[in-house]
Structures are given as structure tokens and as C-alpha cells.
Amino acid sequence: MKNYNHKKIELKWQKEWEKKKTYQARDKSKNKKFYSLIEFPYPSGDGLHVGHIRSNTAMDIISRKRRMEGYNVLYPIGWDAFGLPTENYAIKTGKQPKVITKKNSDTFRRQLKEIGFSFDWSREVNTTDPEYYKWTQWIFLQFFKKGLAYKAEIPINWCPRCKIGLANEEVIDGKCERCGEQTERRLKKQWMLGITKYAERLDKDLDLVDYPERVKLSQRNWIGKSEGSEIEFFIKASKHVGPAVSVKVFTTRADTLFGVTYVVLAPEHPLVSKLLEKTQNKNEVLKYIEEARKKSELERTAENKEKTGVELKGIKAINPAYGGASPAGNEVHPAEGGEVSVWIADYVLAHYGTGAVMAVPAHDERDFEFAQKYNLPIKNVIVPFVNLDSGEFGFRPELPTVKRECIHAIVKHWEKDEYLCLSSIKHGWKTFVIGGIENDEDPIEAARREIIEETGFTDFKLIKPLGDVIFARHFAPHKNENRFASLLGFYFELQSDKSISIADHESSNQEILWVKREDIPDTLKPKITDWVFWQRLFPGESACFEDDGILINSGKFNQLSSQDARNEITKFVDGKIVTKFKLRDWVFSRQRYWGEPIPIVECEKCGTVSLPEKELPLKLPEVKNYKLTETGESPLANIPKWVNTKCPKCKGPAKRETDTMPNWAGSSWYYLRYCDPKNKKVFAEKKKLKYWTPVDWYNGGMEHTTLHLLYSRFWHKFLYDLKLVPTVEPYKKRTSHGMILGEGGVKMSKSLGNVINPDNIVRTYGADTLRVYEMFLGPFEDSVAWSTESIIGPRRFIEKVWRIGNKISESQKDFSGPRFSSRKALGQTIQNPSGSLSFKKLLHKTIKKVGEDIETMRFNTAVSAMMILTTEMEKSENIDPKDFKKFLQILAPFAPHISEEIWNLLGEKKSINLSKWPKWDEKLIKDEEIKIVVQINGKVRDEILIKVNEDEEDIKKKAIESQAIRRFIQNREIKRIIYVKNRLINVVV
RNA sequence: GCCCGAGUGGCGGAACUGGUAUACGCGCACGACUUAAAAUCGUGUCUCGCAAGGGAUGUGGGUUCGAUUCCCACCUCGGGCACCA
């Protein structure tokens, strides 16, 4: 037997595949296509990371399986090569980024080829190639034409060390994503892309794609769609003369409008400057605005615990809920009771909603906190609504509903810290004293009466009422009707145990329990309305009620539910139902060299002018120095020859835009270029796009969910609107991989010195072993820790396959001689049916399992199944070479080199990778006889052999007759026997 | 604070819709082969107990004939968002 020389074998087949173009995708094919995609790597100077190998192998396995299933597979690769690390390296070494990129991508290419990925290398793309970024620039111009790329002076996140503007997504905890420096806010004219125009569709169309729920969820959270109302508050100034002014607020809680006690504007709100003149404390306000402006976003949010603000004295807002607010002529009518103060505070964000809020301290924690600090009034307008709609007390729509007014009385013991509960004997309820209010009865009197009637105690004192009324809707089993009740709560303390005897019907129905304070939560049953009052007596942390409920103190809207009131009140005050998003437009400029130049010039006469498309690509000029300018401009600003140009419109002098694009630009559309990578006329020919897109399966990291994935969906939709791509969504299915951590579960990093160089692993163990190892490591979606110690397992597995393969190959040679023939071998199989049959069964089960596991990305269990089969094969004396070949075929996607080698050794001429994926035989998978477990009271006591689908009674009989079981059931009565088909028997004794 | 995800041997992990917990692999121990070692193969390996048997899937409850799986509360770790009205 030949030794297993992975180096020789792997190199041999890599060359062969390249020569035969085994993995090239064909543009013109009658076969069904399959487009599998990985996130193309950034070719860093560190070389390929073992994490790249994990996700690439996963998609490689899927691609290879699809090829074997007859699909025309596109599995492309390229380089996302623009970006900061390369530029920083250029600054340090003086080398050209272009040169560095070439060197790095050469290394990556070599490494990827050595692992045997089945990429179609003929379609390789590189975002820094002018032939590629020509089209990135072209797409940008389309955005510009549609007004979706625009310049705006906005406060940007500025990293003082990188001297670069960062998108919100690149700021982590107020720090620069790349260097960790604290960012500050700076005003700068920046290019923006209008992604917010697509917010609605980006949210809604998530319904159309097959992404993991958590990916959809985090995109949805990021987009942050919320529906609410815009409501106008008129402003009344004490010194007022002149036209009426108003401020619009955005709220999701229009139902709380009657609870507004003040209005807050963001310091940047445009109205503030208008109102300033009429403000009595102008200087104080100006000072506050100035301070807020200086603060960075971080400081503003860091002070999250202590809110600050300042009142605009002499300015009032009129709450439209109270009427009389609309202006007649130019005057605002003073409203009755609806006049509230106006504040500015930086807890209100200028860029969200309308930049102004109506404050409802009773029902919003932030407003509550602010109101407490500045002593502003708090007005309750929503009370809890306990709505039971399922279970024992659940509302039953078929029954009538009766309105009731009730009281809850919490009664404390005369000396101990214990509270009186009534335990209903019939129904099992445990509640406080509850009772109805009789006609015209005072609620307090009702409470007193109920206490005496139900408990007999007479010597008590009212300590306090427990807040506003609450409402409840539930089913009342003792009366067989639904109740809609308004409930008031009171707290009493007994002064002594003085009592009278209570009526018979009361005492026979319920008994009195004294419950310790800490046991109350566990005692109450049902834990509903009693619980609300209990929490009012002993409030926890949250002091304000933020949930939906029922309206009080809200005029004609009283007793409406929050949900209904939102619409009604909005309508009543002529407000508008609107949808708002958290998503902000995308800051698209970087003050850097190594990115796509933005193809725009500034002309003195014509303003901002785009380059004609035929002048693309606008190439990056070579520069000597990659350092940033002092002002933080891109190094391009230092090249007058490049900057100074002619205006394409008027031919007058003009200056080029020196900002470049962020590196999310090139990656927003690369999957389209793969369909037609060499096209010089368009970014990709429509016919080819129609055949290849959408991407059928895109695997990538969770870290790209809100950046790359969202951005590329946005670009795709934009191109779809221009009728340049045939589908609404770019990716049909998305999955995500977990990270590979260093040994011990810490992050792999150069500073920790725990980075694994795949080259060493490939050299020592071989590519096949590495691939199998990474798939075997753990669940694909989870993070896993690298463990060099464990690679030996997969290596042993591969060697085992090698030994079996060689053994079979050698015996095959013998068969062709006079003494043996493959028929004879088959004959042996028949002679020894039990052993071989059980092997065949295992083989077919394995084929099924591996196939299914690949589809669900459970590669670790697929490998495990193949290991089990291999162990079985090594024990087995006579394996039909045909069977072994089937095994090789399912192994091939995982370990393509060794499979190909043995396949070839066994006399196959065509590549295993293009052979037909084996089918499993349903008949072989079904067992006729199976072992089932016999349990006594859920504990396994014995096993019995039964025929599949054997009669239940027979099995039961068999089970109790078994020796072990008889011992257990001696003298005991069999209460029940549970049979789970073909699984187990549980005898309950 | 809010939203996701996860807690199973010495370690990585397995267990389909509730049905034999610990598959597979690493490590470890012993044995075979060998002059020896490596490699390979075999056996064993959650825990207490001589055994019969008992106890273990982060903790505590619940539902069930039966719970790693479902429900409630809590603890720990990882990830994301963070004044979004």
C-alpha cells in the first residue's frame, strides 16, 4: 500500500482541475443554475484566516454537492481590496497601495488554491481594478442623477487619529471602529446616499427572502420603523405680536395627549432661533445651546443618567387636545387648561421624528425623569387594563358582558407584617377582599362594608386609597358571565382583632389566610388585578406606567383603549398618522486615498457637476505621499494637477472632488459583476443577470447584517428601479457562520500571538484534513475555539479512508486475476448476508444523513456519520467497491483531493466532482426489526426486539413478560402501559 | 436598560416534531503488535455504590406516564442596540 502523501495528491489534483476547468461556470447552459456566494475577502497583509476557510469550505461543500446534482454552479471569488489597513501600511512603508494589494491578493489566491476550493477563478474580480471601479463610479452617477447622492453639511463622526469621517455604523461605543480613538462631532460637507428613501421597502421586502430570523430582526431594528402621529402645538408668547407659530411633534402615544405637561425641542430645532427673541431668558438658552453643540454624541449619551434642559420662559405651547388652539387670523386663542411650558433639552434628538416631543411624564420614563428634576407637573391619563383572554378566567366572546364597579381592599394584620387573603374553597382563588359597589354607594364605604361582611373584622382604619381606577375584563365562572369592571383599591390596617361573626354563606365559601408580605406574589391566584394594587402599595423600580391601557382624565376619550384612542385623538386634533425610521442617510465620503474617487467636479459657474459616463473610470492618480493633509482632506487634495480640471459642462476651471467612497461601495454590487466580469460596455449584461441572479445562497458573518447586507440590498433595489437588474432582492437565502476563536475561546489576534497560519496546517496535515477538521469543529453557526491538538482526529479519519481505499483497490486488482472476480466478491456478500446487509443499511443511512446535513449546514454531524461508517468499513472484510465509491462521493465535497485520488485508483476516469450524487435506497433504510426500550415509570429497565409496526398488544405483552421487567412489577399493580410507536414502552405501576 | 443567542463529561460537542442523555472526536488509562519507540488496532473512560440501585443536561419551581427539549422565575456568559418619543 502506498503511503498517504497529501502534498503530492493535493497538488496533482489542483493542477488537473485547473487544466480541465472542472469548476468553471458556463454562461450558456440548459441546466438549472445555482449561484453560491461567500463574502469576498479583504486581502490583508496577514494572509488568509482560518475563519475564511470555515465559511469558504461550507459553501464549497454546498457548491460541490450541487454540481454533482447536475446544477450549473457559479461559485466565484474576488477581492474587496480598497480600505484603510492597506493605506496605513502604505503610509508607513511608502509602498504603493496598488503594489501592496497585488502582493496580498497573490498570497490569498495561492492559499485559497492550496485548500482546493472549487472557485471559478476565471471570474475573479478586484474592487481596486479601474475596470471594476469604473462601474462602481457609474452606479454612483446614477444615484446622483436621481438625486439620491447629494452633498450635505452635517455633523459627522470624526476620528481625530484617522482624520476621517465615519458612518454611524463605524462608530462603536463612541469610538472609531478601526483605531479605537474617541470620535467627535464636526460639521463637514459630505456626500450622502439617500438610503432612507428605501427604508420602507428594505423593511417590508425582508418578508420575501430566506434569511435567519435574527438577521431579519436586527435589520428591522436597525431600520427602526415606527408608526405614530404628528401633532401640531401652537405657540403662544407673552410678548407675542405677529403670525402664529407652531411646532409639530412626533409621538407613538397619541393616546397620552391629555397627559402632556410640557413640550421639548431639540437644541438644534429650527424653531428655537425664532423663539429666542421672545424668550425672557435668552442668554441662558443661548448658553445651553452652545454647550450642547460642543458635546459629542458620546458625551450626550454618556450623560444618559442625568438629563439637562432649559425652559423657554415666556413661551407656552397649547395642547390641541383641549381645543381652542387653532389660530384665528394671526392670533392664537388661549386655551383652557391646555397651556404648557416649552423646554429645550438635548435628550431630544434633532434628527429623529420632528426634533420635538410632547412630554408625558406619567407614561414615559425619560419625561418622568426630566419632570422630576425640574419639578414639572405629572398627569395620569392611562390606567392598567387587565384583559384576560385565555385560560380559566379568559374572556368568552359568546357570553354576555356585565359592567361592574368594584373595590379591592388590602388589609394588614394588627401587629404582624401579614396581609389578609381570602381563599375560595370552591374555586381555589386566593385574593384580597373584593366586592361590588352598590348603587350610589361611596367606594370607601363599600370597602368597609365588604371587609366586615367577608371577614368579620370591625376595628380598622383606612390608610390610603391605592391610586386611580383600573379596569379589568375577564370571565367570572361562578356567574357564567363576562365582566368589564372598574376597580378601586384601598389599603386598611386592622387596629385589633375585634370581630363579629360572619354570615354562614360567607364562612362556608371561603377562609381567611394571613400571608407574609414576601409570600404575597406566590399566593395570589389569579395574580391579576390584586397584583396591580399590591404593586401600588409596594412599588418596585418603575414609577411610571408605560404600557397601553385605558384612558382617564381625557375628556370624551375616557374609557377608550390606548389602541383606539391613538387614532381617535389624532383625528380629533387634526394630526397625521405617519411612519418614521431610525435609519439615517448613508455618509458616503471618506477623506482617504485608497478608495474609489467620486466622479464629480465643483465648477465655479455650474456648481456640482458629474463627469460624463464616457470619462469613467476616473482613475486614482499615483501619489508620493499617502499622508492626510493637515485639514483632514484626502491626500488627493495635495495633487493640484489632478484636482484642477475643466468643467465638463462649461469647460471653465473646476476642481475635482477629493473625497473617495467608503469601502462598502465596491462590495455593494460585486455579486452582479461576477455574472459578467469582463464586460466593457455595461456592469453586467442583462441576459447573464437574468440567468444567474438572484444569488441562491449567500453565506457571511453576522457583523455584516446591518452594514454590507443592508447597503447591498439598497443598491440592488435602486438598480432594480432603473430596470438594470431583474430581481427585487439580491440574495434569495442568507446564512451566517460563527467565528473561529483562538485556543481557549479568546479572540485570535496578533497581539495575543494566537493566530493560526493555515499554511502550516496545510503543510503538516493537508488541505483535506483541514477542511474536514473545520467542518467537524462544532455547529457552523456558533463560535468555536480552535484546537490544534484535535486536528489529529480528522487526520486519522482521512488516513483510514486511504487505507480502506487502497485495500479495495488492491483486491480489485486481484479480482481480475483467475482466483477472484468481482462476481465472487458479490457472491460472498450473499453468503454472508447479515453482516453485509447491515453495512449496506448503514451506508444508505449515511448517504441520507450527509445529504440532509449539508442542506441544513450541520456539517459536524455529517462528518461524524462518515466517521462511523468508516470505522465500520475498516472492520468489514468484503466491501463491494461500488458501495465504497458511493461513500467516496459523499465524502468528496468535504475532502475533494483524497476522494478524487481513490476514485481514480479504483479505475474511474471522470472526475468524482462531476459524478452523480448517490441516491439512498428507501428500502435499505427501513429496519424490519428494531430494539425498543421498556421503561418502568419512565426509567429504562430493559430492551426488547420487535418487528417494525408490530401489533401494539403483542408488544405490550412481550414487554411485561421480559425477565427484568417482571422483577420490577412483582406485586405491583400496572396502572397504564404507554406505547410510543417503534420507540418505547412505558409501564406505569 | 432593551432585544437576540447560549449554558450538557477533563475538553470540542451529539440527541429528529417531548421518548434509551453523553453519538463522533480529542485527551487520559490499560492491552495487542514491536528489541524499542512512533504509527496503528482493541478495551475502558459522567458520578456515588461491592452490588442491587441512586444522582446528574446553569439554579429553583411547574406541566407530563416521561423534560436537555415545553412553561414560569432567577443566575452566568456571548452578541447586538442604546435617550429613536
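Predicted model, so just to flag it, every value in this text is computed and none were measured. Below, chain A is the first sequence line, B the second, and so on; all start at residue 1.
Rounded to an integer number of Å, the gap from Arg796(A) CZ to G27(B) C1' is 10 Å. Taking atom CZ of Arg54(A) as the reference point, atom C1' of G12(B) lies 11 Å away to the nearest angstrom. Nucleotide G12(B) holds its P atom 26 Å from the CZ atom of Arg795(A), rounded to whole Å. Here G79(B) presents its P atom at 18 Å from CG of Asn221(A), a figure rounded to the nearest Å.
Lys307(A) contributes a side-chain N or O that forms a donor-acceptor pair with the base of C83(B) under 3.5 Å. Applying the 3.5 Å distance criterion, the base of C16(B) shares a donor-acceptor pair with the side chain of Arg983(A).
Residue Arg253(A) has no polar side-chain atom (N or O) positioned under 4.0 Å from OP1 or OP2 of A85(B). Put simply, Ser218(A) has no side-chain N or O that comes within less than 4.0 Å of OP1 or OP2 on C81(B). In this structure, Tyr347(A) does not reach the A85(B) phosphate: none of its side-chain N or O atoms is under 4.0 Å from OP1 or OP2. Under 4.0 angstrom from either OP1 or OP2 of G80(B) there lies no side-chain N or O belonging to Lys216(A). In this structure, Asn860(A) reaches the A14(B) phosphate: one of its side-chain N or O atoms is under 4.0 Å from OP1 or OP2. For U20(B), the OP1/OP2 oxygens have no side-chain nitrogen or oxygen of Arg941(A) closer than 4.0 Å.
The shortest distance between side-chain heavy atoms of Tyr352(A) and Ser226(A) falls below 4.5 Å. For the pair Asn986(A) and Tyr979(A), the minimum side-chain heavy-atom distance is 4.5 Å or more.
Nucleic acid contact class of Lys225(A) (heavy atoms, under 4.0 Å, all strands): none. The residue Ser787(A) sits apart from the nucleic acid: no heavy atom pair falls under 4.0 Å. Within the 4.0 angstrom heavy-atom criterion, no nucleotide atom of any strand lies near Glu781(A). Nucleic acid contact class of Ile977(A) (heavy atoms, under 4.0 Å, all strands): none. Across all strands, Val940(A) comes closer than 4.0 Å only to sugar-phosphate atoms, never to a base (heavy-atom distances). Base contact: Leu984(A) has a heavy atom under 4.0 Å from a base atom. The residue Gln935(A) sits close to a base: some heavy atom pair falls under 4.0 Å. Heavy atoms of Ser226(A) sit under 4.0 angstrom from primed sugar atoms or phosphate atoms, though from no base atom.
With a 6.0 Å cutoff to the six-membered ring centre and a 45° limit on the axis angle, Lys307(A) counts as a cation-pi contact of Tyr347(A).
Taking atom C1' on both C28(B) and C46(B), the two are 15 Å apart, rounded to the nearest angstrom. With C1' as the reference atom, G61(B) and A52(B) are 32 Å apart, rounded to whole Å. U68(B) sits 7 Å from U57(B) when the P atoms are compared, rounded to a whole Å. U69(B) and A21(B) are spaced 11 Å apart, taking the C1' atom of each and rounding to whole Å. Separating the C1' atom of G54(B) from that of C50(B) is a span of 15 Å, rounded to the nearest Å. Separating the P atom of G31(B) from that of A67(B) is a span of 42 Å, rounded to the nearest Å. A gap of 12 Å separates the P atoms of A39(B) and C26(B), to the nearest Å. Distance check on atom C1': G9(B) versus U64(B) gives 28 Å, rounded to whole Å.
Side-chain atoms of Lys379(A) come within 3.5 Å of backbone N or O of Phe258(A) as a donor-acceptor pair.
Mapping Arg858(A) and Val357(A) onto RNA chain B via the closest heavy atom, the residue that lands nearer the 5' end is Arg858(A). Between Leu777(A) and Phe581(A), the residue whose closest nucleotide on RNA chain B is further toward the 5' end is Leu777(A).
More than 90° away from 0 lies the glycosidic angle of G25(B), which makes this nucleotide anti.
With rounding to the nearest 0.5 Å, the separation of CD in Glu874(A) from CZ in Arg803(A) is 4.5 Å. Note: Ser864(A) OG to Leu869(A) CG = 11.0 Å, rounded to the nearest 0.5 Å.
In summary, the aromatic rings of Tyr765(A) and Tyr773(A) are positioned with their centroids too far apart to meet the 6.0 Å limit.
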